2 protein chains.
Amino acid sequence: MSSVALRKQHIEKVKADIIEAAIEEFGEHGYYGARVQAIADRAGVPKANLLYHFGDKHSLYLNILQATLRRWNSALDTLSEHDDPKKALSGYVALKLQLVFEQPVATRLFAMEVLRGAPSIQGYLKMELKPWLRERVAVLHRWIELGKIQPIDPQVLIFMIWASTQHYAEYVSQIEALTETSPELDEITEALTCLVLNAVGLYGTK
Amino acid sequence: MSSVALRKQHIEKVKADIIEAAIEEFGEHGYYGARVQAIADRAGVPKANLLYHFGDKHSLYLNILQATLRRWNSALDTLSEHDDPKKALSGYVALKLQLVFEQPVATRLFAMEVLRGAPSIQGYLKMELKPWLRERVAVLHRWIELGKIQPIDPQVLIFMIWASTQHYAEYVSQIEALTETSPELDEITEALTCLVLNAVGLYGTK
DNA sequence: GTCTATAGAGTGATAGAC
DNA sequence: GTCTATCACTCTATAGAC
């Protein structure tokens with residue numbers, strides 16, 4: 001490998017380190033609470049280098065938001081009409097919970113962005129998540145028409161699944177204060193899947 | 001009324017105005033994003049007066065957090081063993097949703113505090129919410145033993161209700177980006193109540 | 001108690017040597 | 001590209017007149 005390529009690789013490594021550090025810092029303290037100096041320290045680079053590579057704090061923030069959404073989009077492409085409702089729903093719940101447990105800080109980062117009014121992810125919400133939601137709502141409606149699930153409100157169901165899964169990252173500090181033992185992914189997955197399947201009238205048809 | 005009493009009343013009015021303004025500002029921008037100057041402007045008082053009455057930014061923040069929790073505690077004292085499960089659960093969901101719709105900014109304020117790691121409400125969580133949760137979990141267990149509801153995980157159910165209701169304040173900006181019409185309290189209440197009752201196996205026993 | 005003016009600390013961003 | 005030193009600005013908090 002040439003010297004030029006090695007140098008290029010090194011820069012990419014540094015940038016990746018900065019992105020990871022930034023996700024942590026922004027995810028722990030929010031946009032305003034995050035300190036550029038703290039991100040640089042976490043990544044082990046001088047603050048000036050960070051700003052050299054990413055321009056400014058806000059550009060870095062946009063960068064890590066998009067990096068996070070890109071990771072999630074590749075994983076959540078599920079729930080189609082021809083699937084078995086029970087399999088599809090429990091699979092979706094399990095997958096979502098797995099992502100939440102694997103990336104709690106990124107989950108909280110996303111939550112903070114939405115709490116701020118989602119100013120930096122309007123494009124993602126309208127161009128990607130909105131079509132995704134419309135299609136899944138349509139699938140659920142089809143399942144209701146075919147009598148495969150009970151006549152519930154599909155959109156409220158999906159919001160319920162989103163909220164209930166993300167809760168285990170967003171409210172982890174509350175959960176830790178309320179319970180003695182940390183929640184286990186397997187237990188939550190089983191309990192929540194049961195609730196969701198009950199909710200659409202699929203109980204007992206294992 | 002004496003001149004002294006009038007003056008005292010005026011001060012209380014000013015303090016109340018500041019608290020309302022602070023809930024708005026902190027709820028919209030978070031602790032670090034909130035500006036003392038902006039709170040003073042909203043309340044219509046000079047910044048120095050605000051700091052004279054409340055000491056500093058952090059004391060003001062603690063004050064409004066407690067004011068918010070006090071309001072909620074008086075409303076959420078429900079769900080007892082001898083209630084009818086169906087009535088109790090649907091009543092609780094409806095009440096929680098009503099609070100969320102009435103006080104969306106305060107709901108987001110609370111969410112941000114928890115996302116920060118809940119440093120300022122440990123007392124509330126451990127001394128008030130924890131006992132409340134333990135008692136309700138016990139009630140739900142009793143109902144399960146008596147065969148009144150399906151054998152679900154009570155804690156996961158309560159977290160689901162919390163998350164699903166609060167979602168309509170916390171994720172309002174996402175919901176607005178995803179849907180054309182703003183969600184109506186009545187519709188959400190009916191749809192979510194249906195899901196929750198299904199989840200515990202009370203469907204169709206109206 | 002109320003207000004203006006300002007101090008003091010911390011932050012994002014940059015200049016310029018290497 | 002990397003780094004040190006520093007600027008310019010913002011924000012909290014206070015001093016002191018009224």
Side-chain angles (χ1 to χ4, degrees), chain A residues 1-65 109 112-113 116 119-120, chain B residues 1-19 21-65 109 112 116 119-120:
Chain A
M1 195 179 284
S2 75
S3 161
V4 175
L6 270 176
R7 175 175 286 264
K8 200 167 179 182
Q9 197 179 27
H10 173 252
I11 292 174
E12 289 310 311
K13 170 75 165 64
V14 167
K15 285 180 127 180
D17 288 347
I18 292 172
I19 287 177
E20 288 312 307
I23 291 176
E24 295 279 323
E25 176 74 7
F26 282 117
E28 286 175 16
H29 303 108
Y31 181 77
Y32 289 108
R35 298 291 167 236
V36 174
Q37 182 68 62
I39 298 171
D41 291 346
R42 281 179 194 255
V45 300
K47 186 171 66 166
N49 294 28
L50 183 159
L51 290 168
Y52 171 78
H53 287 299
F54 288 92
D56 59 14
K57 182 182 184 180
H58 193 249
S59 299
L60 175 60
Y61 178 71
L62 292 180
N63 205 304
I64 63 151
L65 261 185
L109 171 76
M112 287 183 197
E113 167 65 16
R116 290 179 63 208
S120 304
Chain B
M1 195 179 282
S2 75
S3 160
V4 174
L6 271 177
R7 175 176 287 264
K8 200 166 178 181
Q9 198 180 25
H10 173 251
I11 292 175
E12 289 310 312
K13 171 73 165 62
V14 166
K15 285 180 126 179
D17 288 348
I18 292 172
I19 287 178
I23 291 176
E24 295 280 322
E25 176 74 8
F26 281 118
E28 286 175 17
H29 303 107
Y31 181 77
Y32 290 107
R35 298 293 168 235
V36 174
Q37 182 69 62
I39 298 171
D41 292 346
R42 281 178 194 256
V45 301
K47 185 172 66 168
N49 295 27
L50 183 159
L51 291 168
Y52 171 78
H53 287 298
F54 288 92
D56 60 13
K57 183 183 183 179
H58 192 248
S59 298
L60 175 60
Y61 178 71
L62 292 180
N63 205 304
I64 63 152
L65 260 186
L109 171 76
M112 287 183 197
R116 291 179 62 208
S120 304

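In what follows, every chain begins at residue 1, and chains take the letters A, B, ... in the order their sequences are listed. The structure displayed is predicted, hence computed values, not measured ones.
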Is there side-chain contact between [X] and [Y], with heavy atoms separated by less than 4.5 Å?
X     : Y     : value
A:D56 : A:Y61 : no
B:Y32 : A:R35 : yes
A:I11 : A:H53 : yes
B:R42 : B:E25 : yes

For this session: Could you please spell out the steps behind the side-chain contact (heavy atoms from CB on, under 4.5 Å) verdict for A:V45 and A:D17?
Result: CA-CA 9 Å; A:V45 300; A:D17 288 347; over 6 Å; no
Drop me the distance from [X]'s [atom1] to [Y]'s [atom2], to the nearest 0.5 angstrom.
X     : Y     : atom1 : atom2 : value
B:E12 : B:I19 : CD    : CD1   : 8.5 Å
B:E24 : B:I64 : CD    : CD1   : 10.0 Å
B:K15 : B:N49 : NZ    : CG    : 12.5 Å

Problem set entry | Closest non-hydrogen atom pair, A:A40 against A:L50 |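 Closest pair (atom of A:A40, atom of A:L50, distance): N-CD1, 3.8 Å.
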Problem set entry | Contacting residues from residues 38-46 of chain A, given that a heavy atom lies under 4.0 angstrom of DNA chain D |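 Under 4.0 Å from DNA chain D: A:P46.
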Enumerate all atom pairs, one protein N or O and one N or O from nucleotides 11-13 of chain C, separated by less than 3.5 Å.
from   : atom 1 : to    : atom 2 : distance (Å)
C:dT11 : OP1    : A:R35 : NE     : 2.9
C:dG12 : OP1    : A:A34 : O      : 3.4
C:dG12 : OP1    : A:V36 : N      : 3.4
C:dG12 : OP1    : A:K57 : NZ     : 3.2
C:dG12 : OP2    : A:V36 : N      : 3.3
C:dG12 : N7     : A:K47 : NZ     : 3.0
C:dA13 : OP2    : A:K57 : N      : 2.8
C:dA13 : N6     : A:K47 : NZ     : 3.3

Starting at atom [atom1] of [X], determine the distance to atom [atom2] of [N], rounded to an integer number of angstrom.
X     : N      : atom1 : atom2 : result
B:F54 : D:dT12 : CZ    : P     : 16 Å
B:K15 : C:dT2  : NZ    : C1'   : 15 Å
B:L50 : D:dC11 : CG    : C1'   : 14 Å
B:H29 : D:dC11 : NE2   : P     : 11 Å

Problem set entry | Short side-chain donor-acceptor distance under 3.5 Å, A:E113 and A:Y31 |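 Distance-only check fails for A:Y31 and A:E113.
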Problem set entry | Residue B:Y52, side-chain atoms from C-beta onward, closest of D:dG1, C:dT2, D:dT14 |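 It is C:dT2.
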For this session: Kindly point out which of C:dG1, D:dC3, D:dG1 is positioned nearest to the side chain of B:R7?
Result: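 Per side-chain heavy atoms of B:R7, the pick is C:dG1.
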Problem set entry | Any A:H10 side-chain N or O less than 4.0 Å from OP1/OP2 of D:dG1 |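 Indeed not, no polar side-chain atom of A:H10 lies that close.
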Each nucleotide N or O in nucleotides 16-18 of chain D that has a protein N or O under 3.5 Å away: list the pair and distance.
none

For this session: Start with the C-alpha distance between A:M112 and A:F26, add both sets of side-chain angles, then the distance that settles side-chain contact (heavy atoms from CB on, under 4.5 Å), and finish with yes or no.
Result: CA-CA 9 Å; A:M112 287 183 197; A:F26 282 117; over 6 Å; no
